[in-house]
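Have a look at the structure below before the remarks.
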Amino acid sequence: MNLLFAIADINPAIHLVKLGTMGEYGSPNIDIEEGFIEITHKGRTDVLPFPKQPNSFYHLSKVHDSHNIQFCCRIWDCARPI
């Protein structure tokens, strides 16, 4: 969080490269999409981050990092994370 707030304060155009792991996604019974998945539910459609289902506290901590970065990008109107 300190790094995210520093980027926002200094220059929101700074690029942050965050290394993740496939362990963030667990072992779902469908193909893992590249970041986002289109979902239709009760007649409405949206593009959402692929659901993450980590199998360890280590991978859960990486999921928290990913969610914090995505949240900051959304509320601070930054570029969409890749």
Side-chain angles (χ1 to χ4, degrees):
M1 291 302 303
N2 288 337
L3 178 60
L4 294 173
F5 278 98
I7 289 172
D9 287 343
I10 295 168
N11 181 356
I14 291 173
H15 289 230
L16 171 64
V17 177
K18 186 254 186 198
L19 299 178
T21 168
M22 288 303 293
E24 290 185 49
Y25 295 96
S27 302
N29 196 29
I30 61 173
D31 291 341
I32 297 173
E33 296 293 325
E34 190 70 33
F36 295 85
I37 187 170
E38 184 175 311
I39 296 179
T40 300
H41 180 69
K42 295 184 179 182
R44 299 188 326 188
T45 301
D46 204 345
V47 177
L48 303 170
F50 191 88
K52 298 181 178 185
Q53 303 172 30
N55 293 323
S56 71
F57 283 106
Y58 170 76
H59 291 114
L60 180 62
S61 72
K62 296 195 95 39
V63 169
H64 288 304
D65 291 341
S66 297
H67 286 168
N68 287 338
I69 293 166
Q70 182 182 10
F71 177 75
C72 289
C73 286
R74 184 169 49 87
I75 64 169
W76 294 335
D77 197 29
C78 303
R80 183 177 189 171
I82 300 173

Minimal non-hydrogen separation, P54 against V63, with atom names: CG-CG2, 4.0 Å
For K62, all residues meeting salt bridge (Lys or Arg N to Asp or Glu O under 4.0 Å), sequence neighbours excluded: none
Distance (rounded to the nearest 0.5 Å) between L16 CG and L3 CG: 5.5 Å
Heavy-atom closest contact (K18 atom, S66 atom, distance): NZ-OG, 2.8 Å
G26 to N55 - nearest heavy-atom pair and separation: CA-ND2, 3.7 Å
For residues 35-46, which side-chain donor-acceptor pairs fall under 3.5 Å, sequence neighbours excluded?
from	atom 1	to	atom 2	distance (Å)
T40	OG1	T45	OG1	2.8

Shortest non-hydrogen contact between F50 and D31, atoms and distance: CE1-O, 3.5 Å
Distance in Å, E24 CD paired with H64 NE2, rounded so as to fall on 0.5 Å steps: 10.5 Å
Single-linkage hydrophobic cluster L60~M22, side-chain heavy atoms < 4.5 angstrom: no
Hydrophobic cluster identity match, I75 and I14, side-chain contacts under 4.5 Å: yes
